[in-house]
Amino acid sequence: MISFIKTLVFLYFSILSPFAESVIITGKIPKSLWGKKMFLNGPQKVYREKTTLDGPAHITCVNLINNNTTVVSELLLEKTENSFTLGKLINPDFIEIINKYSLASIFKPELMSSNYCNIAVRKYLSKYYALEETSCPLEIDFNEDGRLKIIKRSDTITRMAAHLLDEYTRFSYTPSNLLKPLKYNDTVIPWIPDKRPLFIHTGKITPCKRYLIFPLSSTWFGNFDKWLLNKSKFPLDYKSNKFKWLIYDLYNKNVIEIESKIKENEYIDIFHIPKIEQINFENNDKDKDKGTKYKIYVPHIYNFLDWLAKDGELDVKLHYHIIDIKSKKIDEIKNLGVKIDFIHSIAHELIGYGCENKPEVTIFNRITEYAYTKEIPGNIVNEIIPYKNMLLYFSHENTQTFLYIINKDTCDIITKIKIPYRLPGIHTTLYD
């Protein structure tokens, strides 16, 4: 009798929900995950775009309400009239670029959209936003039944990057801004560069809360002559500049740039900063706001433009940089010999995707500098989120997509949730 009632309830909710028939749960959802929401974002599969980052958003959310109720919902956003994707630079329509996009980016930059929010979902000041590379964010929320809904384009945040500096601090970088292109929250950072990076994708606030640190990658604008002659896909140069750190002092309101000590023939892009450690303090540790040396763990990216144009895979190597803000120099850069990106920092470990196009998790111990890789269930996995003694990730397997919850130590499956099929995304996030 109880089984019959459960069947009727399942059929009832299947009729109400277009996704209910696609949600199949194997195992139980751990109680510590009840109430949490797992997001995946990325371009839609219906569009065949020219670059990896083109196309409007496909947002998937698995709402882990409790052990008996899991709600899966999606948002498939439409292209916007004012969107300008990097793919438009390949075999471009120059009249369209000048008339529609170049002028709009100067006179109405708040209307410009690069990919219509297909990069990440972030939670900022208790609200959820779908984000792209520094455009006006789209506010999203949940209906009473736990499904995603669109609220509106933000009317208080004109531009917002794909990463937060911390949970309370956003930033934006607008390379088309002729004056000061970088802001945190709504405050302009007094930095007027001679050359402008294509992206400032990420940044961090130091543990002492005094400095904002941004990576200035080697890929800047350039190669315009080759681009105009159709010998280069983008008006970009991955050897345009040596990598630098941009540091903004929140106390003194001044900016410094620290150039890297990387080999002369080595150019890198950096898009993620998983961990910053403060490694010295002044006044015998009594005043921790006055520390000046920091160890920054970052994955070096060596072939971003090839990956962007779908001509190759990313070449990724984990490094740390030790910078001395007081002396304005880099003390050391060390190659840690680990292929890992989309990294999460938990205690003394860095946990991330091994960048080998196979289902593996890589775990690096910052104390011992020892790394090991373990095979995990699934197929294509782009980002792995550690939580307590578990690992959570989306896996893309032929024409099916699953959310896995596995044991961190044994890699045994705890929970496997079948969700509507989608292409691999760009960023995965877990929120309350």
Side-chain angles (χ1 to χ4, degrees), residues 3 6-7 9-14 16-42 45 58-76 120-121 142 145-148 342 344 346 351-363 372-432:
S3 176
K6 286 184 177 180
T7 302
V9 170
F10 174 80
L11 291 173
Y12 172 73
F13 281 104
S14 296
L16 291 181
S17 169
F19 298 129
E21 70 275 13
S22 300
V23 182
I24 301 173
I25 302 176
T26 303
K28 293 184 178 181
I29 298 169
K31 194 169 184 179
S32 61
L33 287 170
W34 294 4
K36 296 192 178 297
K37 303 171 180 66
M38 187 87 163
F39 293 91
L40 178 62
N41 202 358
K45 64 178 181 292
H58 183 171
I59 304 170
T60 301
C61 178
V62 181
N63 193 342
L64 303 168
I65 295 173
N66 56 49
N67 187 50
N68 298 315
T69 308
T70 297
V71 176
V72 178
S73 56
E74 299 182 300
L75 292 177
L76 297 173
V121 172
F142 294 86
D145 62 359
R147 298 182 185 283
L148 280 175
F342 296 99
H344 295 263
I346 302 292
I351 300 173
Y353 154 61
C355 304
E356 292 286 3
N357 290 323
K358 50 187 175 182
E360 292 181 337
V361 60
T362 297
I363 300 176
Y372 62 95
T373 297
K374 297 193 294 186
E375 185 177 349
I376 57 176
N379 191 356
I380 299 174
V381 177
N382 282 352
E383 185 165 3
I384 302 162
I385 296 182
Y387 181 77
K388 296 186 181 296
N389 65 330
M390 296 171 283
L391 301 175
L392 292 82
Y393 55 91
F394 289 96
S395 172
H396 308 276
E397 307 169 18
N398 296 322
T399 59
Q400 296 181 315
T401 303
F402 299 91
L403 171 62
Y404 282 88
I405 304 170
I406 67 172
N407 182 284
K408 176 176 176 288
D409 297 321
T410 66
C411 295
D412 291 335
I413 297 174
I414 300 171
T415 316
K416 181 179 179 181
I417 303 174
K418 185 178 182 296
I419 64 174
Y421 172 71
R422 56 161 298 142
L423 292 181
I426 295 171
H427 279 297
T428 304
T429 46
L430 177 69
Y431 291 116
D432 291 329

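The shown structure was predicted, so the numbers you read here are calculated from the model rather than taken from an experiment. If you read the sequence from its start, that first residue is 1, and numbering goes on from there.
Distance alone, capped at 3.5 Å, places no donor-acceptor pair between the T70 side chain and the L64 backbone. For the pair E383 (side chain) and T428 (backbone), a donor-acceptor distance under 3.5 Å is present. Counting only distance, with no hydrogens or angles, the side chain of N63 and the backbone of V71 share no donor-acceptor pair below 3.5 Å. Proximity of a side-chain donor or acceptor of T429 to a complementary backbone N or O of V121 within less than 3.5 Å is detected. Panel note: side chain N67, backbone I29; a donor-acceptor pair is recorded below 3.5 Å. For the pair K374 (side chain) and K408 (backbone), a donor-acceptor distance under 3.5 Å is present. Panel note: side chain T362, backbone Y353; no donor-acceptor pair is recorded below 3.5 Å.
Side-chain contact check for Y404 versus I376: every heavy-atom pair is 4.5 Å or farther apart. Using a 4.5 Å heavy-atom cutoff, the side chains of C411 and E375 are not in contact. A 4.5 Å side-chain heavy-atom check between H58 and L423 finds every atom pair outside the cut-off. For the pair P30/K388, no side-chain contact is recorded, criterion being any heavy-atom separation below 4.5 Å from C-beta on. At a threshold of 4.5 Å between non-hydrogen side-chain atoms, the residues M390 and L33 count as touching. Considering only heavy atoms from C-beta on, K416 comes within 4.5 Å of F402 through its side chain. Residues I406 and P377 meet the side-chain proximity criterion, which asks for heavy atoms closer than 4.5 Å. Between T60 and I419, some side-chain heavy-atom pair lies under the 4.5 Å cut-off.
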Side chain to side chain contact (heavy atoms under 4.5 Å, CB included) between V361 and L391: does it pass, once the steps are laid out? CA-CA 9 Å; V361 60; L391 301 175; 4.1 Å; yes

Verify side chain to side chain contact (heavy atoms under 4.5 Å, CB included) between I384 and F342, making sure each step is shown before the conclusion. CA-CA 8 Å; I384 302 162; F342 296 99; over 6 Å; no

Before giving the answer on side chain to side chain contact (heavy atoms under 4.5 Å, CB included), spell out for N382 and I426 the whole-Å C-alpha distance, their side-chain angles and the decisive distance to 0.1 Å. CA-CA 7 Å; N382 282 352; I426 295 171; over 6 Å; no

Residues F39, L148; criterion side chain to side chain contact (heavy atoms under 4.5 Å, CB included); working and verdict: CA-CA 10 Å; F39 293 91; L148 280 175; 3.9 Å; yes

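Other residues, nucleotides and ligands contribute over 12 non-hydrogen atoms within 6.0 Å of the CG atom of D409.
With rounding to the nearest 0.5 angstrom, the CZ atom of F394 is 8.5 Å from the CD1 atom of I417. Distance check, rounded to the nearest 0.5 Å: NZ of K358 to CG of N379 gives 12.5 Å. Remark: I405 CD1 to T415 OG1 distance equals 4.0 Å, nearest 0.5 Å. The line from CG of L40 to CG of L430 is 12.5 Å long, rounded to the nearest 0.5 Å. The line from CG of N407 to CG of D412 is 6.0 Å long, rounded to the nearest 0.5 Å. Note that the NZ atom of K36 and the CD1 atom of I385 stand 11.0 Å from one another [nearest 0.5 Å].
Here the closest heavy-atom approach between residue L392 and residue Y387 is recorded as CD1-CB, 3.9 Å. The heavy-atom pair separating A120 from H427 by the smallest distance is CB-CB, 3.7 Å. Taking all atoms of both residues into account, the shortest heavy-atom contact from S73 to G146 is OG-O, 4.4 Å. Residue H396 comes nearest to P424 through the heavy atom pair NE2-CA, 3.3 Å, listed as atom of the first residue, atom of the second, then distance.
Under the 3.5 Å distance criterion, with hydrogens and angles disregarded, no donor-acceptor pair is assigned to the side chains of T401 and R422.
Geometrically, K37 engages F142 in a cation-pi contact, judged by NZ or CZ lying under 6.0 Å from the ring centre and within 45° of the ring axis.
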